[in-house]
Asker: 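After the structure tokens below, expect a handful of questions from me.
Computed from heavy atoms alone, side chains included, the values below leave out hydrogens, waters and symmetry copies. Per chain, numbering begins at 1; letters A, B, ... match sequence-line order.
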Protein chains: 2
Amino acid sequence: MAGQRETEEQPGRDSLGAGTVKRVTLRDVAKAAGVSHQTVSRAINGKGEIDPETRRRVLDVARRLRYQPSRFARGLVRPEVVTVGLIVPDVVNPFFPEFMAGVFAAADQRGWQVLVASTENTPPRELALLRSLGRQVDALVSYLSHSDAQLEPYVASVPLVIVDRGMDSSTYALVEVDTAAGIRAGMRHLIDQGHRRIGMIDCAPICDPFVRRRVFAEVAEEHALPIDDHWRIVGEQTLDGGAAAFEALHAAHPDLTAVFAFNDLVAIGALRAARRLGIRVPDDCALVGYDGLSVTDLLDPPLTTLYLDKRRLGEMAVHQVDRLLAGELPPPAVLTPRLNVRGTT
Amino acid sequence: MAGQRETEEQPGRDSLGAGTVKRVTLRDVAKAAGVSHQTVSRAINGKGEIDPETRRRVLDVARRLRYQPSRFARGLVRPEVVTVGLIVPDVVNPFFPEFMAGVFAAADQRGWQVLVASTENTPPRELALLRSLGRQVDALVSYLSHSDAQLEPYVASVPLVIVDRGMDSSTYALVEVDTAAGIRAGMRHLIDQGHRRIGMIDCAPICDPFVRRRVFAEVAEEHALPIDDHWRIVGEQTLDGGAAAFEALHAAHPDLTAVFAFNDLVAIGALRAARRLGIRVPDDCALVGYDGLSVTDLLDPPLTTLYLDKRRLGEMAVHQVDRLLAGELPPPAVLTPRLNVRGTT
DNA sequence: TTGTAGGCGTTATCAT
DNA sequence: ATGATAACGCCTACAA
């Protein structure tokens with residue numbers, strides 16, 4: 001009955017490429033080689049109990065038929081390989097490769113694999129990726145700008161670790177950066193150096209829910225600095241954005257003696273603008289960045305910046321996945337940047 | 001009968017974490033909710049044909065049981081998502097993020113996903129990753145330093161695209177960089193500028209099978225340059241390696257007027273060393289890099305370099321996957337670097 | 001050494 | 001609206 005019924009639908013060597021290409025299966029190979037599918041399995045997986053001759057023949061047929069085992073069928077039966085999905089805003093922004101390296105290292109250490117996708121700084125893509133990656137992995141690590149409520153419909157039921165979003169969550173695991181501490185450290189440093197007229201290059205609120213500007217204002221008030229909100233300029237989060245912002249800041253307040261930049265990219269732009277304007281850094285104007293990108297080593301002078309251990313951040317995220325996978329909802333993990341004083345202050 | 005039977009084996013909140021945690025399946029949820037597994041499936045997948053009330057109840061149970069659909073079982077049944085494995089030597093080396101961005105973009109455009117792993121510049125890891133990733137993906141794109149013969153036992157039967165290996169292959173698809181053309185363009189430029197005593201900072205043979213040194217020597221001979229193999233120094237492929245190599249080169253040949261560096265990273269190191277030695281670039285000594293990393297924009301002076309469109313390289317690799325998946329073995333795709341003259345020559 | 005039976009967790013199809 | 005049944009492609013028994 002289940003025997004050798006007529007092969008009604010023979011896929012043959014149909015390499016039409018299109019969608020209808022019936023997959024070559026273990027049984028197809030078996031049929032073609034005149035053995036049972038079990039024997040083929042043994043041959044493919046290099047198990048011992050098989051005649052070397054049969055084996056060679058089977059492997060030959062398999063190759064000819066372009067047989068490729070289905071990872072799904074395999075995964076269903078064999079001990080699972082954990083796969084983590086990683087969503088970052090932009091692979092090319094030098095911040096993220098370092099972060100990714102941390103994730104890879106920690107994942108590798110556990111024998112896990114990592115599926116990566118980039119949102120290209122496009123918030124709607126965040127959600128789409130969340131959904132599509134979510135169905136393919138055992139857990140997600142993601143930079144995200146949406147709130148829990150916005151996220152909820154898109155996060156099927158995958159354990160999720162959100163990185164540096166700056167919002168609490170009662171549902172997802174978090175890895176946070178203590179930005180406030182970082183800003184304070186940077187401001188304190190500038191103030192210790194005697195600076196009082198300090199400008200800030202900020203970023204559109206989407207990058208950061210107001211922490212930087214809030215703390216900046218707080219510190220300014222605590223120290224009675226002679227500056228107001230006009231000393232804070234919002235710029236694009238790019239080199240050119242930083243340059244433009246610096247120019248604007250300088251035009252508005254020619255007497256400023258220091259600038260605190262949203263991040264290193266912006267700071268580098270500012271440094272260039274300063275050079276163009278004939279402003280010497282740090283003599284005429286000090287400059288503090290944020291992130292501690294390794295490219296800032298290359299600058300002349302090297303940038304004073306709040307160094308964040310991005311690699312560690314990635315490792316922490318994977319650690320949170322650990323806990324999630326163990327069934328807990330761990331408390332937020334927090335990483336604090338460290339002031340790295342170099343040539344620009 | 002199928003109703004509310006005693007739940008004989010209640011996994012409950014067993015968060016022992018260890019390996020034995022039996023997976024919660026659709027049927028477990030079904031049993032707990034007193035419905036058929038089919039109904040659960042409908043609820044989970046938001047299909048229409050289900051009573052909103054049942055649905056809510058089922059989803060509730062699912063959540064409580066921490067149900068998570070198996071991506072394998074799903075993949076087995078649903079139209080497959082193509083997954084490409086991507087193996088790079090080092091995520092943090094600024095060359096590769098750009099390359100990866102190209103791969104991601106091209107993959108995304110096709111609705112494919114990308115599984116990434118890094119060899120950390122460790123050749124043995126190449127092979128291990130090749131094997132482990134190979135069983136999890138539909139095709140591989142990889143930077144590889146081994147020969148076809150060495151690779152063969154590790155490449156199960158996955159379509160493989162090798163990037164910039166500099167060796168022909170009769171088995172795998174290739175994306176190559178026309179390094180020879182690049183070197184020639186760089187040398188010609190230096191020679192046009194009147195340089196004759198040109199040093200080269202080369203890299204250990206593993207990075208590059210002799211193309212650079214060969215072409216360097218060829219051009220030197222063609223133009224009867226007064227230099228021999230001692231004008232070529234092998235250095236570590238790092239900033240410090242570049243600096244050390246420059247120093248060695250300068251010590252050996254104080255009269256050199258130009259240096260051709262293996263890549264931009266090395267060139268940047270050389271630039272620093274030059275500055276330390278009080279050698280002005282380009283006045284006392286010209287410098288040409290290779291790769292066209294975007295960080296070289298930030299330097300002062302910006303680096304003259306052979307710009308390679310790394311993003312494009314990634315896209316080309318994915319295109320080769322296309323062909324492979326269609327059953328062809330495409331001819332090598334070749335990308336040629338473009339001389340980008342800036343401040344150091 | 002080789003083949004047969006059963007099950008992995010899901011979705012689709014067809015009854016009910 | 002819900003449930004039974006049959007795939008999907010593979011592997012691990014166990015039987016021959």
Asker: Would you mind reading off the distance between B:Arg57 atom CZ and D:dT2 atom C1', rounded to a whole angstrom?
Answerer: 12 Å
Asker: How many Å lie between NZ on B:Lys31 and P on D:dT2, as a whole number?
Answerer: 20 Å
Asker: Send over the distance from A:Arg71 CZ to D:dC11 P, rounded to a whole Å.
Answerer: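 Roughly 15 Å, once rounded to whole Å.
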Asker: Taking only Lys NZ, Arg NE, NH1 and NH2, and the carboxylate oxygens of Asp or Glu, determine whether B:Asp108 and A:Arg125 approach each other closer than 4.0 Å.
Answerer: yes
Asker: May I ask you to test the A:Arg135-B:Arg71 pair for a side-chain heavy-atom distance under 4.5 Å?
Answerer: no
Asker: Check whether any side-chain heavy atom of A:Val82 sits under 4.5 Å from a side-chain heavy atom of A:Gln113, and report yes or no.
Answerer: no
Asker: Can you run down the side-chain hydrogen bond (donor to acceptor under 3.5 Å, both in side chains) pairs that involve residues 323-334 of chain B, sequence neighbours left out, and say none if there aren't any?
Answerer: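 Every pair satisfying side-chain hydrogen bond (donor to acceptor under 3.5 Å, both in side chains) with a residue in residues 323-334 of chain B: B:Arg323-B:Glu328.
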Asker: In the 5'-to-3' direction, what one-character label does each nucleotide of nucleotides 10-16 of chain C receive under the scheme B = base within less than 4.0 Å of a protein heavy atom, S = sugar-phosphate only, - = no such atom?
Answerer: BBB----
Asker: Are A:Asp148 and A:Arg165 ion-paired here, with the side-chain N under 4.0 Å from a carboxylate O?
Answerer: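 Yes, this pair counts.
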Asker: So, is A:Thr39 close to the C:dT1 phosphate, meaning a side-chain N or O under 4.0 Å from OP1 or OP2?
Answerer: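 It does not, given that no N or O in the side chain of A:Thr39 lies less than 4.0 Å from OP1 or OP2 of C:dT1.
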Asker: Can you confirm whether B:Leu160 sits close enough to B:Ser142 that some side-chain heavy atom of one is under 4.5 Å from a side-chain heavy atom of the other?
Answerer: yes
